[in-house]
Asker: 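Below you'll find the structure I mean.
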Amino acid sequence: MEIAKAFDPKEAEKSHYQRWETSGFFMPEINEDPNAVKYSIVIPPPNVTGSLHMGHALQHTIMDVLTRWKRMQGYRTLWLPGTDHAGISVQRKVVEQLKKDEHKKPTDIGRDEFVRRAWTWKEQYGNTITEQMRREGASVDWSRHRFTMDDDLSKAVRSVFVTLFDQGWIYKGLRIVNWCPKDKTVLSDLEVKEETKKDGKLTYLKYPVVGTDRTITVATTRPETMLGDTAVAVNPRDERYKDMVGKAIALPLTDREIPIIADEYVDAEFGTGAVKITPAHDPNDYQVGLRHDLPQLLIMNDDGTMNAAAGTEFDGLDRFKAREKVVEMFEELGLLERVEDYEITLPVCERCKTVVEPILSDQWFVKMDEMRDMALDLMRTEGVPHFSPQVPHEKVYTAWLENLKDWTISRQLWWGHQIPAWYDDEGNTYVAMTAEEAKEKAGGRELTQDQDVLDTWFSSGLWAFSTFGWTGEVDGKKPEKELTANSYQLSAISDRRTDLETFLPTDVLVTGRDIIFLWVSRMIMLTKKFVDKKAFEDVIVTGTVLGKDGKPMSKSRNNGVDPIEMFDKFGVDATRIYLASIATGADIKWNDLLIETYRNFANKIWNATRFCLMNSDGAKVDHSSLVGHDTFSLPDKWIISRLNRTAIDVNKALAKYEFHTAVSLLYHFFWDDFCDWYIELVKDEITSGSPPYEGGVAPASADGVVLLARTRILTILEIALRMLHPFMPYLTEELWLKLPGISKEMLAAAYKSAEPTIMLTAFPPGDASAIDETADAEMQLVIDTIKRVRNIRSEMNIKPSDRLAIHVAGNAETLAILSANEAQIKKLARADTIVLGETLDVPKASAKAVLTGGAEIAVPLEGLIDFDKERERLAGQIAKLDVELQRIDGQLSNANFVERAPEEKVKELRERKEQIERQIQTLTQNLEALG
RNA sequence: GCCGUCUUAGCUCAGUGGUAGAGCACUCGCUUCACACGCGAUAGGUCACAAGUUCAAAUCUUGUAGACGGCACCA
């Protein structure tokens, strides 16, 4: 069979995914083994506003590698996909669209119409990322795709809210919250980021004390908030202000008098020792206000402008304009002491970067203390979840939990889960699953529903179990989701009402460190609370893929790398295996050259297969061809040994989530062992009887030995492709299907009824009994011999076309091994003859070397040898060995080492020393012989 | 301010109490009938710095410097 000379990823990516998907290969139901153990992963739902970025590609690769690996191992495997409604993001998109297309504000069209348009937007644009996931080759079960605003999931949200409210874990109250004046909504602490401003100002204002001619100076970074001051506080032990406490301030720019109070909160050492207190606009001041029963004067509107309470001169003025105006007016009054430059860190909205305003507001909160204790208990008693890498995430997670504050869950948006709370005219609150229920509770009174929606993370916090159909209803009955896949029978699908029981806890959660608190912790708590189960056993925390400049990829830096572009340029498989080659949890600077490595690797796999196929006449994949290898040649024994060792080690590495180790093992097995050595060693055998024929004459037919050799190499290749499949699904499927002898019979036991596909074959477990230490050592000798001769060729500038003779002197064992592999050594070292003997009998004009085991090699180079160069070469080798000898001597002459180091270690070193001494001795003799 | 991570070959990164590794780049040589996205052969590192523990430290401890991240505070 002849195939293209180079691998074309696009060709391979074209058809397989659709076939896999429509054949139901991604569904757990494909597994026919009733006793199969489940393996489940739930995807961190990407935002419907999002498009695939490198972080997704990395996480999806890891999830898909695990899913495909486990599926091949025979687990009943489910990777569940879904998307998040992304409250603020979608709301903003729709607002923008409305403004651009119709020059309207949301209030112009009303809530119902706005929500309708948001759904339209979601239907239209919300599938970008799911389509991109298909390109990635993600083996997710699309028939179980979930959206956080699906009916069932929305019902789950309401159930959880109602239950938590009834238990007193959800409450509504006035608190200082983070307010984004642009999005006009409250934000949780976690949605607020910090930005350092170098050009900040600290303004010192003088407040006149009533009944005296004195003033008290207070400092502030937000002068406009003085309009909402309701006190000035000093430390009770501060001698400077002792006589002032109890007196009043005539608050400038207002007609109000405010008290001077004493409170421990004030640090006498800091600033002027006097603090203006604005209870409605600062969390600390709020607390002080509560202690002293101060009025809470709200001076700002929801868009960041000042309100009437700030005074008529300021009403409607933007907060930053008001700030300037306050300073100007103080200056005019002669009450401005000074303005200092001050580096300040400001809280900003995570999404729009607007400066967040602390503001007193009536919001819904979740009390976190009991849930926090549940999560801490899970970690302390069961070590759940297990983080990979464990350091530092376990510690950071635990520390965060210990300091957890209540969670603000209401948002002033229209897109999302509207809070299931209703109010009557008297302001009574009724929390219920539906409006009808609420009305019933209210004794039939007319009610109005709370206008706010819930934090997006509230619904994602339920994701671990809401995705499996939990709605909080006792009987859990719900209609089957309509299936879109078409080529398999609905009857084959098990009753999904058991999904929750079957797949929860999931096995592993793969996510980034930025949402450990926002999402992971809340899922752990809410899953424990509502289903009384662990959400997942393990958490893999991926690192960050940084831009070429070493900084996180972002639009503003314009240093992003689009995964789709990489797919187009290097292929999906190359991108995937590259991403898997990054150490778990490590940050990495993006570099196209590294993907190129794996693009080349893909091509190497393609071409190795091409070679095997070109020389496969009469042969087919046959696993029995690798059994009973006592009679095999050394290269065969060795590659089978290496194959099994690699399989065992790859499985071990994957089990530990060391994907990069697995990749490295596979890369080197395939390229170094299989291609560079095995194929080259058996090439003559494989190709005899294949075109182009020697002398242009075709032999009658390939004989039995050739056929066996071809069968073996095809079979080894087939096993290697299986191991590579989780990383490179398209390439391996494309090639596997081309191998002769492929059939349904080769599928794993659990998938017998499926059509042939590599994704449902068994992942090679590796057979420890097939590891052959003797073959490994003997092969090392052959390789060593070839490498020494190649070195001589290269250093002595021997033309590749020049054939030479190799003389080897060594013990009987060495000679026997070399003799058995004479043909291969001759081929790879480009030699005509090999002379084996107890001693060397060669002319002086020979280049020499010594094998690790001590055997001597000589290559006669009559007329070709450059004696100076040869002396240099020998001296170089001696010098290299000498460095090692020095170090070993140093260690062995240390009495402490010999006494205290493990005996085995000492023995090993002594043996190595003898070996080196023998080699040096031989090389020195050779050098001296040159004169 | 507190906590944490990182610092290894020119570049990007693995590794780890007991002989320093890979890919790319560099140098030299190859159209050897799978592959130039290739083949062969070299070269290149006192593993940031300092002290300590140990027979033995790049690896463990502490400190220093630099880079980065998280949390808190910010009148």
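Every chain is numbered from 1, with letters handed out A, B, ... down the list of sequences.
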Asker: Mind listing the closest non-hydrogen atom pair of Ile888(A) and Lys913(A) along with its distance?
Answerer: CG2-CB, 3.9 Å

Asker: What is the per-nucleotide protein-contact pattern of nucleotides 19-30 of chain B, from the 5' end, where B denotes a base atom under 4.0 Å from a protein heavy atom, S denotes such proximity for sugar-phosphate atoms only, and - denotes neither?
Answerer: B--SSS-----S

Asker: Pick base, sugar-phosphate or nothing for Val266(A), based on heavy-atom distances below 4.0 Å to the nucleic acid.
Answerer: base

Asker: Given G38(B), is OP1 or OP2 found less than 4.0 Å from the side-chain N or O atoms of Asn607(A)?
Answerer: no

Asker: Contact class for Arg793(A) (heavy atom, under 4.0 Å): base, sugar-phosphate, or nothing?
Answerer: nothing

Asker: Please determine if Arg599(A) forms a cation-pi arrangement with Phe570(A), meaning its NZ or CZ atom is less than 6.0 Å from the six-membered ring centre and no more than 45° off the ring axis.
Answerer: no

Asker: Just checking, Lys683(A) and Phe611(A): is the charged tip under 6.0 Å from the six-membered ring centre and within 45° of the axis?
Answerer: yes

Asker: For the ring pair Tyr667(A) and Tyr598(A), is the centre-to-centre distance below 6.0 Å?
Answerer: yes

Asker: Using a heavy-atom cut-off of 4.0 Å across all strands, would you classify Asp285(A) as base, sugar-phosphate, or nothing?
Answerer: nothing

Asker: Using heavy-atom distances to pick each residue's nearest nucleotide on RNA chain B, tell me which of Arg790(A) and Leu546(A) is more 5'.
Answerer: Leu546(A)

Asker: So Asp684(A) and Lys827(A), salt bridge (charged side-chain N to carboxylate O under 4.0 Å, His left out) or not? Walk me through it.
Answerer: CA-CA 9 Å; Asp684(A) 279 349; Lys827(A) 176 167 165 69; 3.6 Å; yes

Asker: I need the full list of ring pair (Phe, Tyr, Trp, His ring centres under 6.0 Å) pairs touching residues 573-596 of chain A, with sequence neighbours left out, sorted by first then second residue.
Answerer: Tyr578(A)-Trp590(A)

Asker: Is Lys799(A) touching bases, backbone alone, or none of the nucleic acid, heavy atoms closer than 4.0 Å?
Answerer: nothing

Asker: Under 4.0 Å from OP1 or OP2 of C39(B): is there any side-chain N or O of Lys604(A) that close?
Answerer: yes

Asker: Side chain of Asn603(A) only, heavy atoms from C-beta on: which candidate in A41(B), C71(B), C35(B) is closest?
Answerer: C35(B)

Asker: Looking at A34(B), I'd like to know if its phosphate oxygens (OP1 or OP2) sit under 4.0 Å from a side-chain N or O belonging to Lys5(A).
Answerer: no

Asker: Please work out the stems of RNA chain B from pairs that are Watson-Crick or G-U wobble with both distances under 3.5 Å, keeping only runs of three or more consecutive pairs.
Answerer: B:1-7 with B:65-71, B:10-13 with B:21-24, B:27-30 with B:38-41, B:48-52 with B:60-64

Asker: Should the side chain of Glu680(A) and the base of A34(B) be counted as holding a donor-acceptor pair, with the cut-off at 3.5 Å?
Answerer: yes

Asker: Holding to side-chain contact (heavy atoms from CB on, under 4.5 Å), I want the full list of residues that pass it with Glu872(A), two or more places apart in sequence or in another chain.
Answerer: none

Asker: Taking only side-chain N and O atoms of Lys589(A), does any of them lie within less than 4.0 angstrom of OP1 or OP2 on U12(B)?
Answerer: yes

Asker: Could you pull out the closest heavy-atom pair between Thr225(A) and Lys276(A), with the gap in Å?
Answerer: OG1-NZ, 2.7 Å

Asker: How far, in whole Å, is C6(B) from A48(B) if one measures between their C1' atoms?
Answerer: 11 Å

Asker: Scan Ala602(A) against the nucleic acid and name what it touches under 4.0 Å (heavy atoms): base, sugar-phosphate only, or nothing.
Answerer: nothing

Asker: Taking only the P atom of each, what is the distance from U59(B) to G18(B) in whole angstrom?
Answerer: 11 Å

Asker: Would you say a side-chain N or O of Lys880(A) is under 4.0 Å from OP1 or OP2 of A43(B)?
Answerer: yes

Asker: List the residues meeting side-chain contact (heavy atoms from CB on, under 4.5 Å) with Glu402(A), not counting sequence neighbours, and say none if there are none.
Answerer: Leu376(A), Arg380(A), Thr398(A)

Asker: With a 4.0 Å limit, can you tell me whether His660(A) has a side-chain N or O closer than that to the phosphate oxygens OP1/OP2 of G15(B)?
Answerer: yes

Asker: Taking the nucleotide of RNA chain B with the nearest heavy atom to each, does Asp282(A) or Cys612(A) sit closer to the 5' end?
Answerer: Cys612(A)

Asker: Sticking with atom P, work out how far A22(B) lies from U42(B), rounded to a whole angstrom.
Answerer: 12 Å

Asker: Just checking Ala583(A): base, sugar-phosphate only, or nothing, at a heavy-atom cut-off of under 4.0 Å?
Answerer: sugar-phosphate

Asker: Return the set of residues passing side-chain contact (heavy atoms from CB on, under 4.5 Å) with Arg712(A) (not counting sequence neighbours), or none when no residue passes.
Answerer: Ser625(A), Leu626(A), Phe632(A), Asp636(A), Tyr678(A), Leu708(A), Ala709(A)

Asker: With respect to the phosphate group of C3(B), does any side-chain polar atom (N or O) of Lys395(A) fall under 4.0 Å of OP1 or OP2?
Answerer: no

Asker: Mind checking if Leu202(A) touches a base, just sugar-phosphate, or nothing, with heavy atoms under 4.0 Å?
Answerer: sugar-phosphate

Asker: Give one of base, sugar-phosphate or nothing for Thr609(A), where a contact means two heavy atoms less than 4.0 Å apart.
Answerer: nothing

Asker: If you look at every strand shown and take non-hydrogen atoms under 4.0 Å, does Glu402(A) touch a base, only sugar-phosphate, or nothing?
Answerer: nothing

